[in-house]
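Notes follow the structure.
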Amino acid sequence: MIVPSVNAVVEPDFAWAAPEGITFHATRIPLSATTLEGLRLMNQGVEHAATLLSHLSPDLIAFACTSGSFVDGEEGLRKQVDLIASIGNCPVVATSRAIIDAFQHLGIRKAALATPYLDSVNKVERDFFEGHGIQVTSLVGLGLSGAAIREVPPEEIAALARKADTPDSEAVFLSCTDLRALEVVETLERDLGKPVLSSNQVTLWAILRALGEPARRSGFGRILAQ
């Protein structure tokens, strides 16, 4: 896993939700501010991180950062994935690609978007979704950056999702791998009556698919339970 240096959520989430027999080994790339400039500066470390992970001879490398993988749009994401794959000599999962694949898997064309991000980052995420044919029915952000994101308690994340939800949305997406959203997706799905996706949830789902892992994971939303 390639993980932003401030992230304290994705590794515990994967340890909690992943099936037995899969081990996760992370290297970190420097991120202090979740701004467009900060994300692009962080992404300069992806090549070195992939080189370090290649020494493990991994079965897969995951770039576990939502905003870092969508910040330069589809073209930037494709270049990232291709670079990591060429260095690691293995399949690559990137969170933003996993989001789009999950939407397509569930047949979702309209989604409500809830994020911890600043407005400038939210705009780029909206553009990324809409560039893949996903209509964003609403977008609600907390205006946070860096380490403040991981401090948001699950009950506040659940309230954010409910605020973002709209009658015409087919799903709610909770963005950011440093957001404790996986803890509330199951409850939210029951209350809202629609799929609720989170960054760590869909990244893990994409990892399991890429590894050919058939295990179903209950308690973490319908996409992992299928």
Side-chain angles (χ1 to χ4, degrees), residues 1-4 7-20 22 24 26 60-70 77 91-108 110-117 125 128-129 132 134 136 140 142 149-150 152-162 164-165 169-226:
M1 297 163 59
I2 299 173
V3 178
N7 193 307
V9 175
V10 65
E11 291 154 299
D13 273 1
F14 282 8
W16 174 38
E20 293 182 3
I22 300 176
F24 296 92
L60 178 144
I61 294 177
F63 182 32
C65 182
T66 315
S67 50
S69 55
F70 70 58
L77 172 59
V92 174
V93 163
T95 299
S96 291
R97 171 68 62 238
I99 297 163
I100 300 304
D101 289 347
F103 283 153
Q104 292 175 346
H105 181 76
L106 295 173
I108 293 164
K110 298 179 180 180
L113 177 57
T115 92
Y117 305 133
E125 185 163 23
F128 180 79
F129 280 17
H132 286 87
I134 305 298
V136 178
V140 180
L142 294 175
I149 293 173
R150 66 174 182 252
V152 181
E155 56 269 22
E156 187 174 337
I157 296 168
L160 180 72
R162 293 186 175 97
D165 185 35
S169 69
E170 298 166 345
V172 177
F173 178 67
L174 288 156
S175 189
C176 190
T177 61
D178 205 18
L179 193 69
R180 293 175 59 189
L182 189 61
E183 298 172 49
V184 296
V185 294
E186 186 84 359
T187 298
L188 285 168
E189 284 196 341
R190 183 177 64 248
D191 293 348
L192 300 179
K194 62 185 67 175
V196 176
L197 306 176
S198 78
S199 290
N200 290 345
Q201 176 208 54
V202 299
T203 304
L204 179 58
W205 170 78
I207 289 169
L208 296 179
R209 290 183 86 200
L211 293 176
E213 171 59 60
R216 295 178 181 177
R217 312 303 296 158
S218 61
F220 306 106
R222 69 182 66 180
I223 195 161
L224 279 173
Q226 292 180 343

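The figures that follow rest on heavy atoms only: side chains count, while hydrogens, waters and symmetry mates do not. Here the structure is a predicted model, which means the values were calculated and not measured.
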Which residues pass the side-chain contact (heavy atoms from CB on, under 4.5 Å) test with V92, sequence neighbours left out? V81, I84, A85
Under a 4.5 Å cut-off applied to non-hydrogen side-chain atoms, are F173 and S199 in contact? yes
Any side-chain heavy-atom pair of E156 and R180 under 4.5 Å: no
Using the ring of each side chain (for Trp, its six-membered ring), is F14 parallel, tilted or perpendicular to F24, with breaks at 30° and 60°? tilted
Write out all pairs satisfying salt bridge (Lys or Arg N to Asp or Glu O under 4.0 Å) with one or both partners inside residues 191-206, taking only residues at least two apart or from two chains. R162-D191, D165-K194
Which heavy-atom pair separates A164 from A112 by the least distance, and what is that distance? O-CB, 3.3 Å
Using 0.5 Å steps for rounding, measure from the CD1 atom of I108 to the CD1 atom of I100. 10.5 Å
List the steps, then state whether side-chain hydrogen bond (donor to acceptor under 3.5 Å, both in side chains) holds for T115 with S175. CA-CA 5 Å; T115 92; S175 189; over 6 Å; no
Within a strict 4.5 Å, meaning less than it, do heavy atoms of the C176 and V9 side chains meet? no
Test item: T203 and V10 side chains (from C-beta on) under 4.5 Å apart, heavy atoms: no
Give the C-alpha distance, both sets of side-chain angles, the deciding distance and a yes or no for side-chain contact (heavy atoms from CB on, under 4.5 Å) between S96 and T66. CA-CA 5 Å; S96 291; T66 315; 4.3 Å; yes
Please list all pairs meeting salt bridge (Lys or Arg N to Asp or Glu O under 4.0 Å) that have one or both residues in residues 205-217, counting only residues at least two apart or in different chains. none
Euclidean distance, I22 CD1 relative to L211 CG, rounded to 0.5 Å: 5.5 Å
Pairwise side-chain contact, I99 with F70, heavy-atom cut-off 4.5 Å (strictly under): no
Would you give me the side-chain donor-acceptor pairs under 3.5 Å for residues 218-226, sequence neighbours excluded?
| residue | atom | partner | partner atom | Å |
| --- | --- | --- | --- | --- |
| Q226 | OE1 | H105 | NE2 | 3.1 |

Between T95 and C65, what is the shortest heavy-atom contact and its length? OG1-N, 3.4 Å
Applying side chain to side chain contact (heavy atoms under 4.5 Å, CB included) between N200 and each of N7, T177, L179, D178, report the one that passes. T177
Judged by atom type as modelled, is there a donor-acceptor pair below 3.5 Å linking the side chain of S169 to the main-chain atoms of K110? no
Which pair of non-hydrogen atoms, one from Y117 and one from S67, has the smallest distance, and what is that distance? OH-N, 3.9 Å
So, do F63 and R97 sit near enough that their side-chain heavy atoms are less than 4.5 Å apart? no
As an exercise, state the distance from CG of D13 to OG of S198, rounded to the nearest 0.5 Å. 7.0 Å
Who are the side chain to side chain donor-acceptor pair (under 3.5 Å) partners of Q201, not counting sequence neighbours? none
Minimum heavy-atom distance between L106 and P195, given as atom pair plus value: CD1-CB, 4.1 Å
Closest contact, heavy atoms only, A161 versus L188: CB-CD1, 3.6 Å
To the nearest 0.5 angstrom, please state how far the OG1 atom of T187 sits from the CZ atom of R190. 4.5 Å
Mind checking whether V202 and F103 have side chains closer than 4.5 Å, heavy atoms only? no
Taken in chain and number order and not counting sequence neighbours, the residues that satisfy side chain to side chain donor-acceptor pair (under 3.5 Å) with E11 are R28
